[in-house]
Number of protein chains: 2
Amino acid sequence: MDSPNALQALAALAHETRLAIFRLLVETGPDGLPAGVIAERLAIAPSSLTFHVQHLHRAGLVTQSRAGRQLIYVAGFAAMNGLIAYLTENCCQGAACAPLQRSA
Amino acid sequence: MDSPNALQALAALAHETRLAIFRLLVETGPDGLPAGVIAERLAIAPSSLTFHVQHLHRAGLVTQSRAGRQLIYVAGFAAMNGLIAYLTENCCQGAACAPLQRSA
DNA sequence: TTCTCATTTCAAATTTTCTTAAAATGTCCT
DNA sequence: AGGACATTTTAAGAAAATTTGAAATGAGAA
């Protein structure tokens, strides 16, 4: 992941509502959740949910697919993995953040 | 690191200028850099630098100390470590981001 | 087709964040 | 004390992000 992408991912997560959405989707796993359920669980307006979830989508942190008349959102683990790798490589030089290592 | 702190750290890094400041300080290492040098290297106004560096400071991502009449800023690795740990633990459940493991 | 339901799009209002320049603070030197 | 330098503080305006509600789209059911 390069700096512009990392910046986009950081900005996407740097909002209370969006971080909550992402965490809910991570917790939910690969089946994801329809927009309406996310909005209901987090008590936010539908159009507000769309706004935030699209922000996450642009950053690759969320995947969208249709199931009948509902849109299912799933956490995008690759992007999160990329962000963590970016932070580890670019912001932890000099062994200062040595406790983290890649194993696979 | 808890969610409010993680949110603060994410917001602090989610800006082009602040990410550049932080990366510069990581690259520089434990000696850090005086405010003026950072501002000069990144070509930003002094007061603008203060604004951004304070944002990083509030999030614990930067440390401040005085040397004569200049203020030295140093990257705060503990906070970055905490952020990476938060993301790994809260946003990568279910082995989806398994490639990252703690070793120390 | 027509009626719902689920969601998104749009535009306006609001709020938050960022930039800028001028004035203030703190330190060192003479 | 008085002057010069490094940085911060302040206040104003500019720019960007967020919220809201109403209207539009897309899909399934009658």
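Here is the naming used below: chain letters follow the sequence lines, and residue numbers restart at 1 for every chain.
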What's the shortest heavy-atom distance between [X] and [Y], and which atoms?
X: B:Met80; Y: B:Leu13; answer: CE-CD1, 3.7 Å
X: B:Leu83; Y: B:Ala6; answer: CD1-O, 4.0 Å
X: B:Met1; Y: B:Ala79; answer: CE-O, 3.5 Å

Rounded to the nearest Å, what distance is computed from the [atom1] atom of residue [X] to the [atom2] atom of nucleotide [N]?
X: B:Leu19; N: C:dT17; atom1: CG; atom2: P; result: 18 Å
X: B:Glu40; N: D:dC5; atom1: CD; atom2: P; result: 15 Å
X: B:Ile44; N: C:dT17; atom1: CD1; atom2: C1'; result: 15 Å
X: B:Leu13; N: C:dT17; atom1: CG; atom2: C1'; result: 16 Å
X: B:Leu7; N: D:dT18; atom1: CG; atom2: P; result: 11 Å
X: B:Glu16; N: D:dA17; atom1: CD; atom2: P; result: 12 Å
X: A:Gln54; N: C:dT9; atom1: CD; atom2: C1'; result: 9 Å
X: B:Arg58; N: C:dT16; atom1: CZ; atom2: C1'; result: 13 Å

> Are the side chain of A:Ser48 and the backbone of A:Ile44 linked by a donor-acceptor contact shorter than 3.5 Å?
Replying inline: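 No.
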
> Passes side-chain contact (heavy atoms from CB on, under 4.5 Å), B:Asp2 versus B:Asn5? Steps please.
Replying inline: CA-CA 6 Å; B:Asp2 58 7; B:Asn5 282 161; 3.1 Å; yes

> Residues in side chain to side chain contact (heavy atoms under 4.5 Å, CB included) with A:Thr50, at least two apart?
Replying inline: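 A:Thr50 satisfies side chain to side chain contact (heavy atoms under 4.5 Å, CB included) with A:Gln54 once adjacent residues are dropped.
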
> By the rule that ILVMFWY residues connect when side-chain heavy atoms come within less than 4.5 angstrom, directly or transitively, which residues belong alongside A:Ile72?
Replying inline: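 Members besides A:Ile72, by chain and number: A:Val74.
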
Give me, pair by pair, the N or O atoms of the protein and of nucleotides 18-21 of chain C that are less than 3.5 Å apart, along with how far apart they are.
from	atom 1	to	atom 2	distance (Å)
C:dC18	OP1	B:Arg18	NH2	3.1
C:dC18	OP2	B:Arg18	NH1	3.2
C:dT19	OP2	B:His52	NE2	2.5
C:dA21	N6	B:Ser47	OG	3.2

What's touching nucleotides 3-7 of chain C from the protein side, N or O pairs under 3.5 Å?
from	atom 1	to	atom 2	distance (Å)
C:dT4	O2	A:Arg69	NH1	3.3
C:dC5	O4'	A:Arg69	NH1	2.9
C:dC5	O2	A:Arg69	NH1	3.1
C:dT7	OP1	A:Ala35	N	3.1
C:dT7	OP1	A:Gly36	N	3.1
C:dT7	OP2	A:Gly36	N	2.6

> Does any pair with a residue in residues 56-75 of chain A pass ring-ring contact (aromatic ring centres under 6.0 Å, His included), and if so which ones, sequence neighbours excluded?
Replying inline: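 Checked against ring-ring contact (aromatic ring centres under 6.0 Å, His included) - neighbours excluded - no pair reaches residues 56-75 of chain A.
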
Going by atom type alone, with no hydrogens or angles, which donor-acceptor pairs under 3.5 Å involve a side-chain atom of residues 17-33 of chain A and a protein atom two or more places apart or on another chain?
from	atom 1	to	atom 2	distance (Å)
A:Arg18	NE	A:Ala12	O	2.7
A:Arg18	NH1	A:His52	ND1	3.0
A:Arg18	NH2	A:Ala11	O	3.2
A:Arg23	NE	B:Tyr86	OH	3.3
A:Arg23	NH1	B:Asn90	OD1	2.5
A:Arg23	NH2	B:Ser3	OG	3.2
A:Thr28	OG1	A:Leu24	O	2.7

